[in-house]
Number of protein chains: 2
Amino acid sequence: MLNNSQYIEKLRSSGLRPTKQRIKICEVLFNTQKTFHFTINELVKRISKSTNDKISLATVYNTVHAFKNKGYLKEIPINSDQSYFDTNTSHHHHFYDETQKDLIDIDDADVEPVKINTRIPGKKIKSVEVLVKVEDDKS
Amino acid sequence: MLNNSQYIEKLRSSGLRPTKQRIKICEVLFNTQKTFHFTINELVKRISKSTNDKISLATVYNTVHAFKNKGYLKEIPINSDQSYFDTNTSHHHHFYDETQKDLIDIDDADVEPVKINTRIPGKKIKSVEVLVKVEDDKS
DNA sequence: TTCTACATTATAATAGTTCTAAACTGTTGA
DNA sequence: TCAACAGTTTAGAACTATTATAATGTAGAA
Ligand SMILES: [Mn+2]
Ligand SMILES: [Mn+2]
Ligand SMILES: [Zn+2]
Ligand SMILES: [Zn+2]
């Protein structure tokens with residue numbers, strides 16, 4: 001929940017020029033009470049609802065990737081035909097509702113730390129993500 | 001490590017006609033000492049190395065999906081441009097080497113059971129998968 | 001203000017996957 | 001035994017998410 005000049009500062013300080021497209025996308029992504037998950041298509045819809053100036057699809061892709069690289073977004077691995085992104089960049093895991101194709105955060109307090117008692121020599125761990133797939137309980 | 005007539009029986013008993021294409025794909029997938037991970041493209045290459053009769057790409061897709069639905073294969077959720085499949089259908093987790101784009105099994109004994117202390121009402125858990133992303137350790 | 005590197009854009013290209021519809025084949029049961 | 005049928009294979013087209021291209025525009029420095 002920042003204002004525009006704060007987004008401008010944030011962008012500048014991470015080496016991204018604060019263009020009006022990027023500022024608008026910041027607003028759509030980060031001017032919310034709650035974090036959320038989205039696909040590029042869903043983001044494009046949100047953007048067009050909140051502005052009259054259209055932002056090209058290529059710019060949305062470019063910006064999402066730039067933000068991901070800067071650590072402002074995370075990409076969630078769900079094997080699907082499209083990428084899912086998350087505005088919640090803190091460490092947490094997910095439910096994936098296969099019936100409704102919906103990603104839901106799992107509060108980190110509700111997951112015991114995942115202990116992996118093996119390593120790969122010469123490799124360092126970048127992330128440990130748990131994906132809990134759920135479906136409608138018809139029993 | 002079954003022989004052809006055992007694959008025929010396996011296919012028949014799961015309601016799949018034992019065509020020569022499916023039997024060949026069974027051989028490529030299941031006639032190995034170790035289980036492995038593959039993409040469709042890699043599977044196509046393995047198939048063409050092991051037979052002169054060519055199997056169409058559509059059939060490979062059809063068969064992989066049929067086998068997945070019957071539980072003979074698992075699809076591994078890695079956010080990537082292509083689907084990864086696993087001939088190891090037992091419960092286990094993975095390292096994903098982002099440098100080499102390589103999936104590696106984690107022995108289930110090396111992972112403490114993942115405890116999720118929350119549920120979604122009306123939904124039942126289908127799977128709990130841990131993906132540990134690793135990269136080259138340059139430090 | 002001018003310059004330049006960075007950013008946006010429309011559009012084409014790419015690539016994994018699914019669809020289509022015609023030809024083929026395994027199985028059944030008369 | 002073999003006709004009939006449902007299931008399967010196939011080549012190629014279609015689809016769709018994503019990336020590349022290259023021309024135009026713009027933020028920020030000097
Ligand atoms: Mn998929
Ligand atoms: Mn991706
Ligand atoms: Zn999340
Ligand atoms: Zn595996």
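Just so you know, these numbers use all the heavy atoms, side chains as well, and skip hydrogens, waters and symmetry mates.
Two residues, B:Leu57 and A:Gln21, neighbour DNA chain C, and the one matched to the more 5' nucleotide by heavy-atom proximity is A:Gln21. Both A:Ile40 and B:Ala58 sit near DNA chain D, but only B:Ala58 has its closest nucleotide nearer the 5' end.
Between B:Thr59 and the phosphate of D:dT10, there is a side-chain N or O to OP1/OP2 separation shorter than 4.0 Å. Between B:His65 and C:dT17 there is no side-chain polar atom (N or O) within less than 4.0 angstrom of OP1 or OP2. The side chain of B:Arg22 contributes an N or O atom lying less than 4.0 Å from OP1 or OP2 of D:dT8. Dashed line: the shortest gap from a side-chain N or O of A:Arg12 to OP1 or OP2 of D:dG28 is under 4.0 Å. Listed pair B:Thr19 / D:dT9 meets the phosphate criterion, a side-chain N or O lying under 4.0 Å from OP1 or OP2. Distances shorter than 4.0 Å separate some side-chain N or O of B:Tyr61 from OP1 or OP2 on C:dT17.
Contacts of B:Lys54 with the nucleic acid, taken as non-hydrogen atoms under 4.0 Å apart, involve only primed sugar atoms and P, OP1 or OP2.
One N or O on the side chain of A:Lys24 and one on the backbone of A:Ser50 form a donor-acceptor pair closer than 3.5 Å. In this structure, A:Gln100 contributes its side chain and A:Asp97 its backbone to no donor-acceptor pair below 3.5 Å.
Each of C:dA7, C:dG16, D:dT9 was ranked by its minimum atom distance to the side chain of A:Leu16; first place goes to C:dA7.
When the P atom of C:dT8 is taken as reference, atom CD1 of A:Ile23 falls 10 Å away, rounded to whole Å.
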